[in-house]
Amino acid sequence: MDVAERHFGLYGFAGASLRGIIKDARVNIAAVAYHFGTKEELFDAVVERFALPVVSAQLQQLEQVTKGNLAEILEAFYAPPLKLIKAKAKSGQTLALFLGRMQIEPEPIFSKVDKNFAGCRTSFVNAFRECLPNASEADLQWYFEFMLSLIVSFLTRQEHIRKRYADPMDWSADEATQRMISFCMNGMG
């Protein structure tokens, strides 16, 4: 699955080949067919491997939010995926690349990805609705999309951005979470 994640992250769904994944993973094609079936099913398994624990952690943290506290809502969204990716060290970079690529996949692949996160999106938009009662429905949806875009951009570009600005420091999940919260608070509040 690690090799498949890297191939899908580098080449996208259409560009990744099951043959290339099998070759790099040094596994038997029959074993892949037995465990995953098709390339589509392998892709789904790679998405679910990240989505299930992260969405679960996000929703658990969201349940603990003080009603109407926008900063806590944002922390519930950002902290779980950032902590997971940071904890994975080098393989977290591959996962971040995969997550970024997932967001730009064309249909019908994007819908296969999005179904794993739909419940999470609904829960966070509902939390925004309670917290920001004067925001229109369109604003609430845009807030979620911009919030999502921020983390995707950070995860896929942070290494390049640090190099561009000669920042030798590695990133901290807590610091990144707080910076994203601060940014969003200014745009939503």
Could you pull out all donor-acceptor pairs under 3.5 Å where a side-chain atom in residues 4-22 meets a protein atom, sequence neighbours excluded?
{"from": "E5", "atom 1": "OE2", "to": "R49", "atom 2": "NH2", "distance (Å)": "3.0"}
{"from": "H7", "atom 1": "NE2", "to": "D24", "atom 2": "OD2", "distance (Å)": "2.6"}
{"from": "S17", "atom 1": "OG", "to": "G20", "atom 2": "N", "distance (Å)": "2.8"}

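Taking the charged nitrogens against the carboxylate oxygens, K112 and E105 have no contact shorter than 4.0 Å, which rules out a salt bridge.
When hydrophobic clusters are built by joining Ile, Leu, Val, Met, Phe, Trp and Tyr residues whose side-chain heavy atoms come closer than 4.5 Å, directly or via intermediates, M185 is grouped together with L62. No continuous path of hydrophobic side-chain contacts links L97 to L99 [ILVMFWY only; heavy atoms under 4.5 Å]. Note on F146: it does not cluster hydrophobically with F128, by side-chain heavy-atom contacts below 4.5 Å among ILVMFWY residues. No continuous path of ILVMFWY side-chain contacts below 4.5 Å connects L52 to F124, so the two sit in separate hydrophobic clusters. Hydrophobic cluster membership is shared by F183 and L132, with clusters built from Ile, Leu, Val, Met, Phe, Trp and Tyr side chains linked at under 4.5 angstrom.
At a threshold of 4.5 Å between non-hydrogen side-chain atoms, the residues V47 and M102 count as touching. The shortest side-chain heavy-atom distance between E137 and V125 falls under the 4.5 Å cut-off. Between L82 and W171 the shortest side-chain heavy-atom distance falls below 4.5 Å. In this structure the side chain of N28 never reaches within 4.5 angstrom of the side chain of Y34, judged on heavy atoms. Inter-residue side-chain proximity for C184 and Y143 is flagged as unmet; no heavy-atom pair is nearer than 4.5 Å.
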May I have the step-by-step check of side chain to side chain contact (heavy atoms under 4.5 Å, CB included) for T94 and K88, ending in yes or no?
-> CA-CA 9 Å; T94 302; K88 289 177 139 303; over 6 Å; no

Does the pair I109 and F43 meet the rule for a side chain to side chain contact (heavy atoms under 4.5 Å, CB included), with working shown?
-> CA-CA 9 Å; I109 301 304; F43 182 80; 3.7 Å; yes

Carefully, step by step, assess L148 and Q103 under the rule side chain to side chain contact (heavy atoms under 4.5 Å, CB included).
-> CA-CA 10 Å; L148 175 62; Q103 294 300 314; 3.6 Å; yes

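Note: L42 CG to M1 CE = 7.0 Å, rounded to the nearest 0.5 Å. For the atom pair L84 CG and Q58 CD, the distance stands at 10.5 Å (nearest 0.5 Å). D139 contributes atom CG, which lies 12.0 Å from atom CZ of R129 (distance to the nearest 0.5 angstrom). We find the CE-CD distance between M180 and Q178 to be 11.0 Å, quoted to the nearest 0.5 Å. Taking CE of M188 as the start and CD1 of I181 as the end, the distance is 10.5 Å to the nearest 0.5 Å. Between the CD atom in Q61 and the OG atom in S56 there is a gap of 11.5 Å [rounded to 0.5 Å].
Scanning all heavy atoms of the two residues, the minimum distance from V65 to A76 falls at CG2-CB, 4.3 Å. When all heavy atoms are compared, the tightest approach of N116 to A51 is CB-CB, 3.7 Å. Shown here for S111 and E107, the closest heavy-atom pair between the two residues is OG-OE1, 2.5 Å. When all heavy atoms of C131 and I73 are compared, the closest pair comes out as CB-CD1, 4.0 Å. Residue V54 comes nearest to P80 through the heavy atom pair O-CB, 4.3 Å, listed as atom of the first residue, atom of the second, then distance. Smallest separation of non-hydrogen atoms from P81 and I151: CG-CD1, 3.7 Å.
Distance alone, capped at 3.5 Å, places no donor-acceptor pair between the T66 side chain and the N69 backbone. Side chain of S149 to main chain of E145: a donor-acceptor pair is present (N/O by atom type, distance under 3.5 Å, no hydrogens or angles). Proximity of a side-chain donor or acceptor of E41 to a complementary backbone N or O of T38 within less than 3.5 Å is detected. Judged purely by atom type and a 3.5 angstrom limit, S153 has no side-chain atom pairing as donor or acceptor with the backbone of L150. A donor-acceptor pair under 3.5 Å links the side-chain atoms of T177 to the main chain of A173, judged by distance alone.
Identified under the side-chain hydrogen bond (donor to acceptor under 3.5 Å, both in side chains) test for residues 75-87, with sequence neighbours left out: K86-D170.
Within the 6.0 Å centre-distance limit, the rings of F77 and F144 are counted as a close aromatic pair.
Partner of L95 under the side-chain contact (heavy atoms from CB on, under 4.5 Å) criterion, out of D2, I85, L155: I85 alone.
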